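What you see is a predicted model; the values in this text were computed from it and never measured. All chains are named by letter (A, B, ...) in the order of the sequence lines, taking the proteins before the strands, and each is independently numbered beginning at 1.
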Amino acid sequence: MNNSLISIKNLVKYFPIKKGVFRSTVGWIKAVDKISFDIYNGETLGLVGESGCGKSTTALTILRLEEPTSGEIFFQGENISSINKKQMRKYRKDLQIIFQDPYSSLDPRMKIKNIIAEGLAAHNLLDSRTRVQKVGELLERVGIPPDYMDRFPHEFSGGQRQRIGIARALALNPKMIICDEAVSALDVSIRSQIINLFKELQSEFNLTYLFIAHDLSVIKYISDRVAVMYLGKIVEIAPKDIFFKNTLHPYAIALVSAVPVPNPDFKRKRILLPGDVPSPANPPKGCRFHPRCQKVMEICSQVEPELKKLDKDHYVSCHLY
Amino acid sequence: MNRIIRKLLNNTASLIGLLLLLVFILIAVFAPYLAPPLFPDPYQIPRMSWDVEPQPPGFPMSDDMRFVYESLGKPITRDKAIFGTAQGGYDIFYGLIWGTRTAFRIGIITVTLSMLIGVILGSLSAYFGGWLDELLMRITDIFLSIPFLVAAMVLTTILGRGLDKVMIALVAFGWMGYARVIRGSILSTKEEVYVMAAKALGVKDFRIIAFHLLPNTIFPVLVQASMNIGSMVVTAAALSFLGVGAPLGYADWGQMVSFARNWIIGSPGKAGEYWYAVFFPGIFIVLFVLSWNLVGDTLRDILDPRLRGEL
């Protein structure tokens, strides 16, 4: 299992802050700041973190929908971080994305037939008749009657639209799909259906997922490994079982403690973090978490911790360990 | 689509607009039957007499004029000027009927071409941004800073007399509004998630513009275009009135108004004696512009983004 499909090395994405008449750059939003991780073939890597910590930016940068400021992205050993738009097109078939909002991610003026077939058309795959046939098969696979293919997106519910989004991503037979909060906007009941669909599709099409969510219970259900992000940094990565049994980073511990347990008698200690997430334009010196950390030490405000390998596959960036 | 048609027919104002437009279309289509031409070029207005001053409605063709047409070998089917004649004996009725064709031609060709230019420049500018946006928008600003009528007049004067020259001038100074409108809506639409999804699929830039951005942004431009057809015709008429438009005797509403220029007040003691020379061409222009404005208004109501929820 340990051959990586995607390997990210020191990925950085800064957004300029522009002000004034001359639009001069007065600072940078450090959305993603030197992160490195691998996604192995066939696994699901769950990426968690609160809003604005850079999860989505990471996803968009991997797909080159945002240009990385620096760092490298390797896809099956090929560096795709600096190739041009034209060369990137051939990798687009292998790397797909499903977005959070099922309402805005489908073009309201396009029939779903054309939405799903768009990737095939863009890469000149199949002739138009087999395309329609393929669209029918895909719709059936994601649980939508194929004779709905001539309808427009507004005629579907949120869950159905998300299924259409999944069919669109599947059309090109990708090797990897990034699910950017793909179930966050859905009802709880629909959410479990869609997550199960993701699981089925994974074994059927041998997919690799980067599953982004802010809900740890979803991550716990679907992931093989978990990565926790805080303010543009990865603070902990571990296989799922190890992560939930032996959470190490104080931020990750606080996150895990917030997962609701469906048992009224269960008494647990919730860790409430003081303060707000600092601005990514001006992150704290040293460890980015230190102003909110319960176990803060002298060194934390001075030295930025590195991501250290503790156990096999368990990485954490904290001075405690 | 059905919804649009139903809405157009349900509203009194738009119904009037559509009916007026239909009447003008019928006039344009059946012009050869309503006013059979006497010259090989049907846009040449026949003269009913050699009189300098306008003649009242019902004025019969003079004998020497009849002799001229007979020697040309054309059967004379109409020998009365039912709307009177303009200065120089030009038949007002004939000029207005064939002028309808000219009006449609000017309106539709100039608006289509300027919309095409505006949409292409505006969407390239918005989609690619950066220095291209800066360059194209500054060019637009320069064009916008020149007063439309003056610019069109100067250009027509340089190019010479003729309706094609008028149309070139109208297109050259009429595309900026479309560029601005389409740029604005594409700037906001290109941030939509479905555009990003298309990019992730590897869809090429021009396909994204053509299949995602334009279908979602073109409607305000179409509304603006339908309203502009009327004002383009007015501007063309104004140019003709100022003497830089259609050549003498060409069937064009502006020309008909221009013929009336010296006779508007009438003669001493008889104010408004030549009312027909001003009234008929004037009412044609007013109704034509009105019909396009009413249709454009309704289109805007129907296609307004706030009402799009009904879709």
Side-chain angles (χ1 to χ4, degrees), chain A residues 23 56 59-60 62-66 85-112 114-125 152-155 161 164-166 168-172 174 176-178 180-182 185, chain B residues 1-4 119 123-124 127-135 137-138 141 182 185-223 299 302-311:
Chain A
R23 315 282 299 143
S56 293
L60 296 180
I62 292 174
L63 291 173
R64 292 282 305 276
L65 293 174
E66 295 285 359
K85 244 174 150 176
K86 215 170 171 183
Q87 293 169 307
M88 188 63 207
R89 276 192 79 223
K90 70 175 180 219
Y91 294 103
R92 299 240 175 255
K93 274 182 279 187
D94 295 325
L95 291 167
Q96 275 305 307
I97 182 164
I98 294 164
F99 293 96
Q100 169 171 13
D101 183 1
Y103 289 89
S104 61
S105 61
L106 305 177
D107 186 339
R109 293 201 181 273
M110 235 187 206
K111 287 178 178 171
I112 61 164
N114 298 328
I115 292 177
I116 295 171
E118 191 169 23
L120 299 170
H123 293 276
N124 284 322
L125 302 169
F152 286 93
H154 69 267
E155 296 174 77
R161 285 165 168 238
I164 295 165
I166 295 169
R168 167 172 65 189
L170 283 177
L172 288 171
M176 176 169 152
I177 297 184
I178 296 179
D180 185 5
E181 305 258 15
Chain B
M1 208 55 214
N2 280 329
R3 196 184 57 98
I4 296 177
V119 164
S123 49
L124 290 180
Y127 186 79
F128 291 104
W131 64 269
L132 184 71
D133 184 30
E134 205 61 40
L135 177 73
M137 281 303 114
R138 293 302 79 79
D141 284 342
I182 200 85
S185 17
I186 286 190
L187 274 182
S188 63
T189 312
K190 76 168 184 174
E191 304 297 332
E192 292 281 348
V193 184
Y194 56 77
V195 175
M196 197 173 264
K199 284 183 189 164
L201 288 168
V203 181
K204 286 184 177 141
D205 291 330
F206 288 100
R207 269 188 85 100
I208 292 182
I209 295 178
F211 292 106
H212 291 288
L213 294 176
L214 287 182
N216 282 290
T217 51
I218 200 76
F219 285 103
V221 178
L222 289 182
V223 171
L299 274 182
I302 294 170
L303 304 170
D304 191 295
R306 277 164 299 170
L307 299 173
R308 231 180 257 167
E310 291 176 34
L311 248 173

Heavy-atom donor-acceptor pair, A:R92 side chain to B:K199 backbone, under 3.5 Å
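Yes, because the side chain of A:R92 sits within donor-acceptor range (under 3.5 Å) of the backbone of B:K199.
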Ignoring hydrogens, what is the shortest heavy-atom contact between [X] and [Y]? Give both atom names and the distance.
{"X": "A:R109", "Y": "B:P215", "answer": "CD-O, 2.9 Å"}
{"X": "B:A197", "Y": "A:S105", "answer": "CB-O, 4.3 Å"}
{"X": "B:G202", "Y": "A:A122", "answer": "O-CB, 3.9 Å"}

Check the pair B:M196 / A:I97 against side-chain contact (heavy atoms from CB on, under 4.5 Å), numbers first and verdict last.
CA-CA 10 Å; B:M196 197 173 264; A:I97 182 164; over 6 Å; no
So which residues of residues 187-195 of chain B are in contact with chain A at a heavy-atom cut-off of under 4.5 Å?
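The list, in residue order, reads B:E192, B:V193, B:Y194.
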Partner set under side chain to side chain donor-acceptor pair (under 3.5 Å) for [X], not counting sequence neighbours:
{"X": "A:R64", "answer": "A:E67"}
{"X": "A:E118", "answer": "B:H212"}
{"X": "B:R138", "answer": "B:E134, B:D141"}

Between chain B and each of A:N114, A:L106, A:L172, A:L95, count heavy-atom pairs under 4.5 Å; write down the option with the most.
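Ranked by heavy-atom pairs under 4.5 Å with chain B, first place is A:L106.
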Largest heavy-atom contact set with chain B, pairs under 4.5 Å, which of A:F152, A:Y91, A:F99
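Ranked by contacts with chain B, first place is A:F99.
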Just how far is it from atom CG of A:D107 to atom CG of B:N216, taken to the nearest 0.5 Å?
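Rounded to the nearest 0.5 Å, the CG-CG separation comes to 4.5 Å.
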So for A:K86, is it side chain, backbone, both, or neither that comes closer than 4.5 Å to the heavy atoms of chain B?
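Neither part; nothing is under 4.5 Å.
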